[in-house]
*Asks:* 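Structure below; questions to follow.
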Protein chains: 2
Amino acid sequence: MKGPKISEAVVRRLPIYLRYLNELALSEVQTVSSQALGQKLDLNPAQIRKDLAYFGEFGKKGIGYDVGYLIEKIRHILKLDQMIHVALVGAGNLGQALSNYNKYLQDNMKIVCIFDASPAKIGTTINNIEVQPIGALQQVVQEMGVRVGIITVPASEAQNVANRFVQAGVEAILNFAPAILKVPSEVRVHYADFTTELHSLAYYLD
Amino acid sequence: MKGPKISEAVVRRLPIYLRYLNELALSEVQTVSSQALGQKLDLNPAQIRKDLAYFGEFGKKGIGYDVGYLIEKIRHILKLDQMIHVALVGAGNLGQALSNYNKYLQDNMKIVCIFDASPAKIGTTINNIEVQPIGALQQVVQEMGVRVGIITVPASEAQNVANRFVQAGVEAILNFAPAILKVPSEVRVHYADFTTELHSLAYYLD
DNA sequence: TAGATTGTTAATCGATTAACAATC
DNA sequence: TAGATTGTTAATCGATTAACAATC
């Protein structure tokens with residue numbers, strides 16, 4: 001919004017900062033330096049200072065960063081100072097596992113509806129959420145104000161689900177299926193493909 | 001091995017190429033150009049050519065890349081031309097979901113053993129694999145020739161599990177727990193944290 | 001004041017993209 | 001031959017790191 005475009009690399013680090021800051025807050029640590037953060041998170045302190053400086057002057061020279069204040073600021077930057085509703089399509093094993101993560105998403109984001117194509121799944125309940133037919137996606141997503149979609153269906157179905165999400169006005173998608181999605185440029189897609197991850201790890205074996 | 005150090009960005013794209021090439025092979029496509037690959041995978045064709053050229057001259061000018069040959073080459077580069085044994089620690093929902101992915105890992109990698117700390121889980125069977133106590137990790141990992149470890153335990157346990165993996169001689173770790181691991185530099189760690197991923201997505205909401 | 005640490009500029013490093021000769 | 005496409009060099013772009021004045 002202000003001026004300089006923020007790189008994806010920076011945005012990806014912010015949640016990592018946030019996570020550790022939350023730990024510090026729990027331990028009632030008041031203040032932390034970029035040095036200490038860097039040590040804990042395996043990052044260069046200059047990089048951390050620069051990342052934060054894109055968004056404002058959050059620290060105090062000679063002192064460091066106030067933990068509570070920085071948490072507040074990062075949550076605001078990440079738009080996590082509001083509740084964000086998430087939909088999940090694919091009630092298989094992975095979908096079920098992810099829907100258990102609601103507790104870790106804290107009060108920032110929440111999976112509020114789950115869809116599946118299989119009649120055997122529809123009507124069952126996962127974490128107090130009733131699985132609904134995919135045909136209901138558009139209506140439910142709009143009614144519940146869902147802004148983020150998660151795809152945990154087989155690769156062959158992923159593009160179809162993405163289309164439905166886009167149609168329903170979802171703004172961002174997290175895709176666990178091993179497939180590249182084609183979506184309008186205003187919709188943000190991130191990929192979380194377990195097999196790709198493992199395969200690239202193999203490269204580093206001796 | 002040859003000379004130029006390959007960047008992580010390049011290594012991360014190789015499995016994506018491989019995945020699509022496998023699809024092409026299934027459709028009995030003989031040949032593919034960097035142009036066509038780029039279109040499908042949302043990547044710059046020059047980047048694809050450059051990535052591949054780090055490892056050899058795999059294409060034919062005027063023609064493109066032979067699909068079968070390129071698959072063979074990439075599998076070799078990624079060390080996926082041998083079976084790689086994987087261990088998983090944490091038989092919770094996510095661990096169970098991942099162990100189902102064995103079929104997608106094809107004949108390159110295989111989860112061969114599963115561990116958990118909870119007495120309730122030990123002795124149960126997931127996908128024909130008996131869950132074993134964490135105390136057995138070192139011995140089993142060595143006996144079975146496990147080279148890669150997956151961590152799907154709570155964050156508070158992750159470092160402990162990582163230490164055990166390192167101790168047992170595992171060469172690479174895929175960590176799903178929301179924690180930064182401290183391991184010797186010769187052990188490669190990749191992170192796959194679902195909550196971090198979702199939180200960074202939130203930034204791109206309007 | 002002395003010591004610590006930020007915010008920021010400049011320097012370095014690395015990755016992506018464009019362009020094109022080579023050649024199938 | 002004409003058209004297509006690679007491999008590779010050069011140009012561009014972007015991200016990381018070092019350094020240091022400002023200042024708590």
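Order of the sequence lines fixes the chain letters, A, B, ..., with proteins taken first and strands second; residue numbering starts at 1 for each chain.
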*Asks:* From C:dT16, D:dG7, D:dT5, pick the nucleotide closest to the side chain of B:E57?
*Replies:*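 Among C:dT16, D:dG7, D:dT5, the one nearest the side chain of B:E57 is D:dG7.
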
*Asks:* Can you tell me how far apart CG (A:L14) and OH (A:Y54) are? Round to the nearest 0.5 Å.
*Replies:*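 The distance works out to 11.0 Å.
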
*Asks:* Could B:E157 and B:R164 be called an ion pair, given the rule that one side-chain N must be under 4.0 Å from one carboxylate O?
*Replies:*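 Salt bridge: no.
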
*Asks:* Whole Å only: how far is the CZ atom of A:R13 from the C1' atom of D:dA15?
*Replies:* 8 Å

*Asks:* Rounded to the nearest Å, what distance is computed from the CD atom of residue A:E8 to the C1' atom of nucleotide D:dG14?
*Replies:* 13 Å

*Asks:* For A:G64 and A:K50, find the nucleotide of DNA chain C closest to each by heavy atoms; which residue's nucleotide sits nearer the 5' end?
*Replies:* A:G64

*Asks:* Using Watson-Crick or G-U wobble geometry with both distances below 3.5 Å, tell me the partner of D:dA15, or none.
*Replies:* C:dT12

*Asks:* Salt-bridge test for B:K60 and B:D66: reply yes if a basic N is under 4.0 Å from a carboxylate O, no otherwise.
*Replies:* no

*Asks:* Grab the CG-P distance between A:L70 and C:dT5 for me, whole Å please.
*Replies:* 15 Å

*Asks:* Tell me whether B:K79 forms a cation-pi arrangement with A:Y203, defined as NZ or CZ under 6.0 Å from the six-membered ring centre and within 45 degrees of its axis.
*Replies:*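 Yes; both conditions hold, so B:K79 lies above the ring face of A:Y203.
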
*Asks:* Figure out the OH/P separation between A:Y54 and C:dG7, and round it to whole Å.
*Replies:* 14 Å

*Asks:* Which nucleotide, if any, forms a Watson-Crick or G-U wobble pair with C:dA21, using both distances under 3.5 Å?
*Replies:*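 Because both required distances fall under 3.5 Å, C:dA21 counts as paired with D:dT6.
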
*Asks:* Would you say B:Y65 places a side-chain N or O within less than 4.0 Å of OP1 or OP2 belonging to D:dG7?
*Replies:* yes

*Asks:* Specify the separation, in whole Å, of atom CD of A:Q35 and atom P of C:dA4.
*Replies:*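 After rounding, the reported distance stands at 11 Å.
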
*Asks:* So what does B:Q47 touch, heavy atoms closer than 4.0 Å: a base, only the sugar-phosphate, or nothing?
*Replies:*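 Since a base atom lies under 4.0 Å of B:Q47, the category is base.
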
*Asks:* Take atom CZ of B:F55 and atom C1' of D:dT8, then tell me their distance rounded to the nearest Å.
*Replies:*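 After rounding, the reported distance stands at 16 Å.
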
*Asks:* What is the distance, rounded to the nearest whole Å, between atom NZ of A:K61 and atom P of D:dC24?
*Replies:*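 Spelled out: NZ on A:K61 to P on D:dC24 is 7 Å.
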
*Asks:* For C:dA15, does either OP1 or OP2 sit under 4.0 Å from a side-chain N or O belonging to B:S7?
*Replies:* yes

